[in-house]
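First the proteins, then the strands, lettered A, B, ... as listed; each starts at 1. Since this is a predicted model, take the numbers as computed values, not measurements. What you see below is based on every heavy atom in this structure, not just the backbone, and it leaves out hydrogens, waters and symmetry mates.
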Protein chains: 4
Amino acid sequence: MPYEFKLTRRVEFAETDMAGIVHFSNFFRMMEATEHAFFRSLGFSIHAHEAGKTVGWPRVSASCDYRKPLRFEEEVEIHLLVAEVRSRSLRYLFIFRNVDGVEVARGRMAAVCATVDKSTGQLVPLAIPESLRQQITAAPAELLA
Amino acid sequence: MPYEFKLTRRVEFAETDMAGIVHFSNFFRMMEATEHAFFRSLGFSIHAHEAGKTVGWPRVSASCDYRKPLRFEEEVEIHLLVAEVRSRSLRYLFIFRNVDGVEVARGRMAAVCATVDKSTGQLVPLAIPESLRQQITAAPAELLA
Amino acid sequence: MPYEFKLTRRVEFAETDMAGIVHFSNFFRMMEATEHAFFRSLGFSIHAHEAGKTVGWPRVSASCDYRKPLRFEEEVEIHLLVAEVRSRSLRYLFIFRNVDGVEVARGRMAAVCATVDKSTGQLVPLAIPESLRQQITAAPAELLA
Amino acid sequence: MPYEFKLTRRVEFAETDMAGIVHFSNFFRMMEATEHAFFRSLGFSIHAHEAGKTVGWPRVSASCDYRKPLRFEEEVEIHLLVAEVRSRSLRYLFIFRNVDGVEVARGRMAAVCATVDKSTGQLVPLAIPESLRQQITAAPAELLA
């Protein structure tokens, strides 16, 4: 399964807001947690120290469409699909489903492989490490529609 | 100024992550804080109790493009522009600029006026209150390009 | 095991700060997540609707002593011990251990069983439900030292 | 005013939880934001790069007693008082008051001046910089009672 990954989480109290539902910003944190678990499943870390520099994956863009609210203690499955593999960046699609299999949200994220210079904060894009690239491919188009 | 609003914030430590920059999810919280300050500036609250029901503005969609990182203690100006006024929803554009006036990020958000039924969690869309609608208009197209 | 519960979590990126470690406020969120999982393990929810009112467990006090930093992707075991069962409140001790079994932090929390009046925000303390009380007891003194 | 500082904030939506009030962990973030503003008022940053190393103020302990809930859009004044100046650490008292001047919470925090070794995560305590120490003194005992 080199193009997808699934993570199941239970909504925590601190993720809710006074409207009684998961705060919309937390869907982005769930996307990121799924991306990182995907990397771990391949034997990689999203934040690695290699040859004296820190290699990370800063975000280029992120978006989410909200269909149904998620509530405290609900289980949510986050389905990551690799949407595109570029030379220096990856694009993902995320589909959030509740315990009944109903889609509650759908997100997209693009991240670029880069070295973060901590003193200047400048990002220097890098080619995706070959060992990682060999394990990742884009999902079939029909899954990304 | 019925179609724009500006909020200035200073980046807090808890908004940063181990990459040394503002975590990407926090740009969505900054958008929301600006939206709410905009509402307050018009004499409204984003979360009101009216005639026995709670009227809120759940998010339909949100997105952000990241151009430059923001760091601890940097001042950031968040420029809200009303992009579209529909019968039951509002669309916004947000431009984030650092203290040098450089654009660091650009976001979009759509929110629908709705009653949140706290027991079922169901959202029932409502027409935007007339008193609010009269104060809001879409920004000129050239500002939204 | 009516007086203790253990939860294992992996540190997420969004829980870190620019110092490269878990932000100190997030230890309180981990305590709460453990408390809630403890309640679920007993068949209860920390936030229940009973007889037309919402029964929750607002915090009276919380504290934490930090011994060692926790970093991204580290596994942490949070060991909850019931420190005291009062008529309307519970007191907990939490011991955080890293994957080597080393104690990295130790926290305490007191929570009162209460109805939250959402319109006024006033909390009205309640006796702990008998069905819950019968399942919880304080841990032996030597474990709480 | 070398022993106290006041910060006023308005509660944001993302700081609330489904109980309709500020999540208890966010009082710790408010304490920290006040501590950092206090440092800025003295011309210092809580996170500085000096002579090739990063000097920070990791937390040794933190606690909070909750008296009344805080709600969305409420203004809260956070009153920082320096409780103790040690050779390598500072202790603070924080009093949270709502717009009516009523105390809603009271917190304490101890932070140690240290270099954080980012690769090992080890903290090496340092003497408080003399230029900072000369500007800070403990508050009178009667204010700390």
Visitor: Charged N to carboxylate O below 4.0 Å: is that the case for B:E12 and D:R9?
Guide: yes

Visitor: At their closest point, which heavy atom of B:E32 faces which heavy atom of D:A14, and how far apart are they?
Guide: OE1-N, 3.8 Å

Visitor: Rounded to the nearest 0.5 Å, what separation is found between the NE2 atom of B:H47 and the OG1 atom of D:T16?
Guide: 8.0 Å

Visitor: Pair D:F72, B:H36 - check side-chain contact (heavy atoms from CB on, under 4.5 Å), show working.
Guide: CA-CA 10 Å; D:F72 177 51; B:H36 293 183; 3.4 Å; yes

